[in-house]
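What follows is a short report on a single structure.
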There are 2 protein chains.
Amino acid sequence: MNLGPQQTFRALADPTRRQILMFLKKDSMTLGEIAGHFDMTRAAVKKHLVMLEDGLLITSRAEGRERIHKLQPAGLKSAIEWLGYFDQFWDERLASLKTAIESETGEQE
Amino acid sequence: MNLGPQQTFRALADPTRRQILMFLKKDSMTLGEIAGHFDMTRAAVKKHLVMLEDGLLITSRAEGRERIHKLQPAGLKSAIEWLGYFDQFWDERLASLKTAIESETGEQE
DNA sequence: TTAATATGATACTTTTTGGTATCATTATGA
DNA sequence: TCATAATGATACCAAAAAGTATCATATTAA
């Protein structure tokens, strides 16, 4: 079922597409709304949206004549999983988390 | 100093390059050794190595007439950082870590 | 020294990507 | 109804990416 992280990594490789993900993090949007944030045609933005859907990073549903595009962060899972093979860079993030959890459990008990 | 994750994401978008990173995770290698694992010319592999260096994912040092390529996992930092803006997918990974840390601190105190 | 080896560099080809322009389709609102 | 608005689809173009072929350079080993 999971065909690996290829489409996901490819979708993430373009700055416009990453920007779109950031926008969709705040709110779901129509094609027109998304295109309004960029200096390119709707057709170009549409193609980016298709690649983001291929990468399982967004979903969309028709609503009348509009189509609402929504972030699907779970699609990042395969990429994150692949990155997980390289344990080292998790250190910093995990270190701060460890501190947070330890102080938290300290207060609770 | 940090020019953002663009080069890193781009480097990660190709399956051959991700495969190279997996190889280098086990051991540093020369161009010839790496190329030996792929069905393409050395020149092609060389180009992939250049892109991996651009993405700060590997470093290399000349050693006689050979050049040793070494994984530089810290280069993934900017990409991981960007992915960090989407907190949700960390849940699963972080949940298991939380369990591990809590039981650990429980035993210590 | 000199032949072999490993890499570097460059020119060229093909495919993919990112983009525009254009037309078709569908839904909406006056 | 019918003009308009939103999206879908397709053909086309330019630039980047992925790869080959070839030649140059530098190091090693006989």
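As the structure is a prediction and not an experimental result, all values here were calculated from the model. We name chains A, B, ... by the order of the sequence lines, and we start the count at 1 in each one.
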Separation of atom CZ in B:Arg61 from atom C1' in C:dT7, rounded to whole Å: 15 Å
DNA chain D contacts made by residues 8-24 of chain A, counting heavy atoms under 4.0 Å: none
Euclidean distance, atom CZ of residue A:Phe38 to atom P of C:dG19 [Å, nearest integer]: 10 Å
Residue pair B:Pro15 / A:Gln6: nearest heavy atoms and the distance that separates them: CD-OE1, 3.4 Å
Euclidean distance, atom CD of residue A:Glu63 to atom C1' of C:dT28 [Å, nearest integer]: 14 Å
Interatomic distance where CE belongs to A:Met51 and C1' belongs to C:dT17 [whole Å]: 7 Å
Test log, rule side chain to side chain contact (heavy atoms under 4.5 Å, CB included), inputs A:His69 and A:Ile34: CA-CA 9 Å; A:His69 299 84; A:Ile34 297 170; 4.2 Å; yes
Phosphate OP1/OP2 of C:dG8: any B:Arg67 side-chain N/O under 4.0 Å: yes
Hydrophobic cluster identity match, B:Leu57 and B:Ile68, side-chain contacts under 4.5 Å: no
For the student: nearest non-hydrogen atoms of B:Gly55 and B:Thr8, plus distance: O-OG1, 3.0 Å
Range on DNA chain D touched by chain B, heavy atoms, distance below 4.0 Å: D:dA17 to D:dT28
Nearest heavy-atom neighbours spanning A:Phe9 and B:Ala13: O-CB, 3.9 Å
Residue closer to the 5' end of DNA chain C, A:Arg65 versus A:Asp39 (nearest nucleotide): A:Asp39
Whole-Å distance separating the NE2 atom of A:His48 from the P atom of C:dG18: 6 Å
Touch class at under 4.0 angstrom, heavy-atom based, for B:Lys47 against every strand present: base
Euclidean distance, atom CG of residue B:Leu31 to atom P of C:dG8 [Å, nearest integer]: 7 Å
Check: B:Ala11 main-chain N/O paired with B:Arg17 side-chain donor or acceptor under 3.5 Å: yes
Nearest to side-chain heavy atoms of A:Ala44, which nucleotide of C:dA27, C:dT7, C:dG19: C:dG19
Nearest-angstrom distance from the residue atom CG of A:Asp54 to C1' of C:dT17: 13 Å
Nearest heavy-atom neighbours spanning B:Tyr85 and A:Lys25: O-CE, 2.8 Å
Any B:Arg42 side-chain nitrogen or oxygen under 4.0 Å from OP1 or OP2 of C:dT7: yes
Any side-chain donor near an acceptor of the partner, A:Ser60 and A:Glu53, under 3.5 Å: yes
For B:Phe23, ring-ring contact (aromatic ring centres under 6.0 Å, His included) partners two or more places apart: B:His37, B:Phe38
Residue mapping more 5' on DNA chain C - nearest nucleotide basis, A:Gly64 or A:Thr41: A:Thr41
Between C:dG19 (P) and A:Met40 (CE): distance, integer Å: 4 Å
